[in-house]
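Residue numbers begin at 1 in each chain, while the letters A, B, ... track the order of the sequences.
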Amino acid sequence: MIIDLKELKEIVNQEVIDPMDHRFLNVEVPPFDRIIPTTENLAIEIWQRLQPRLQFSHGRLHKVRVYETDDLFVDYWGEHETASSNEVLS
Amino acid sequence: MSTRMVGKPSLTLTRRYRFSSSHRLHSPALSLDENQSTYGRCNNPYGHGHNYVLEVSVSGPVDPNTGRVAALEDLDNLVRASVLAVYDGKDMNADIDSFLGGVVPTTENVAQDIRQRLSTHWIADERNWAHTAVPPSLAGVRIYETRKNIFDI
């Protein structure tokens with residue numbers, strides 16, 4: 001397997017579900033006190049929370065999809081890597 | 001050590017629409033027997049219907065003022081005018097000009113026709129994106145003929 005699903009579930013719970021579930025995003029969940037909690041911004045924020053926790057030698061976070069309704073969703077998969085702008089930080 | 005990625009954000013917004021149409025799969029390039037063996041039940045002379053599901057994906061910058069990549073009102077109006085008004089409740093073989101000249105309304109061809117209609121309307125009138133700061137790009141079209149038959153273009 002790429003990741004133990006139990007571990008994935010724990011990471012998603014810690015980074016996304018616990019801080020966001022049953023919360024008033026605009027008031028209780030930064031950065032949505034200053035950024036509009038559209039589904040676009042929610043997808044980007046969730047990616048940014050999960051991405052550092054989902055980097056392994058053999059895999060990484062590929063994409064986040066957030067459904068606002070059955071008929072509306074946003075996919076986000078980070079920023080395109082470009083060879084010229086890659087910087088390796090230690 | 002980590003790699004910092006700098007570049008263009010990859011984001012799409014997808015909106016789902018529904019329409020119902022009928023069609024008959026019958027190619028003038030094939031004999032009656034060949035049509036029957038190629039299309040089977042879909043060659044029934046009286047046609048048959050589907051409840052199609054259409055997904056339209058758009059991409060572009062997220063407007064910092066609205067937090068949106070596109071105003072849904074603009075996207076809905078554009079899809080309604082360019083696709084749903086043409087397809088919903090229609091007999092494709094008889095009512096849609098794209099399929100009057102021998103092009104068989106398979107969902108492959110329907111997907112191409114819908115993408116073409118969307119592309120044509122997308123920038124046909126600047127008022128199409130009146131509520132959107134930067135008109136988004138058409139990132140993809142997916143059409144479900146049934147839950148089992150799905151086409152991306």
Side-chain angles (χ1 to χ4, degrees), chain A residues 11 15-16 20 24-27 29-90, chain B residues 1-20 51-80 83-84 88 131-144 147 150 152:
Chain A
I11 292 171
E15 298 296 336
V16 181
M20 294 188 186
F24 183 8
L25 294 174
N26 302 60
V27 173
V29 185
F32 300 116
D33 50 345
R34 28 180 226 286
I35 293 174
I36 306 162
T38 57
T39 308
E40 289 91 328
N41 285 338
L42 207 47
I44 293 169
E45 173 63 19
I46 290 171
W47 167 277
Q48 286 171 350
R49 289 176 184 223
L50 291 177
Q51 196 258 344
R53 302 282 310 271
L54 294 171
Q55 290 190 11
F56 336 104
S57 54
H58 51 287
R60 61 178 177 82
L61 179 61
H62 172 65
K63 186 169 80 176
V64 166
R65 173 173 289 182
V66 180
Y67 285 83
E68 180 175 316
T69 68
D70 282 347
D71 292 339
L72 180 65
F73 58 85
V74 169
D75 289 318
Y76 184 67
W77 56 104
E79 296 187 345
H80 291 298
E81 263 184 279
T82 50
S84 57
S85 57
N86 267 1
E87 255 180 76
V88 177
L89 306 172
S90 54
Chain B
M1 196 162 80
S2 66
T3 302
R4 193 176 68 171
M5 287 184 283
V6 180
K8 197 178 164 205
S10 315
L11 181 141
T12 58
L13 176 143
T14 302
R15 189 87 155 131
R16 195 171 282 164
Y17 304 90
R18 293 173 174 77
F19 62 89
S20 302
N51 295 323
Y52 293 88
V53 176
L54 171 68
E55 290 180 355
V56 178
S57 297
V58 305
S59 63
V62 177
D63 178 4
N65 291 325
T66 63
R68 302 241 72 155
V69 70
L72 296 179
E73 180 187 358
D74 290 343
L75 181 60
D76 287 352
N77 286 338
L78 193 144
V79 175
R80 279 193 203 110
V83 178
L84 304 183
D88 191 35
H131 307 92
T132 304
V134 180
S137 305
L138 177 58
V141 169
R142 168 174 286 183
I143 181 163
Y144 294 75
R147 277 180 295 187
I150 305 156
D152 288 310

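Note that CZ of A/F73 and OG of B/S57 are 5.5 Å apart. Values are rounded to the nearest 0.5 Å. In this structure, OG1 on A/T38 lies 10.0 Å from CG on B/D63, to the nearest 0.5 angstrom.
A 4.5 Å side-chain heavy-atom check between B/T14 and A/R65 finds every atom pair outside the cut-off. Here the side chains of B/L13 and A/T39 are not in contact, with every heavy-atom distance at 4.5 Å or above.
For B/V69, the parts lying near chain A are the backbone and the side chain together; criterion is any non-hydrogen pair under 4.5 Å. Contacts between A/I35 and chain B at a heavy-atom distance below 4.5 Å are absent for every atom of the residue. For B/T66, the part lying near chain A is the backbone, with the side chain staying farther off; criterion is any non-hydrogen pair under 4.5 Å.
For the pair B/A70 and A/E40, the tightest heavy-atom approach, listed with the atom from each and the gap, is N-OE2, 4.3 Å.
Around atom NE2 of A/H62, no more than 12 heavy atoms belonging to other residues, nucleotides or ligands sit under 6.0 Å away.
The closest donor-acceptor contact from the side chain of B/R16 to the backbone of A/D70 lies under 3.5 Å.
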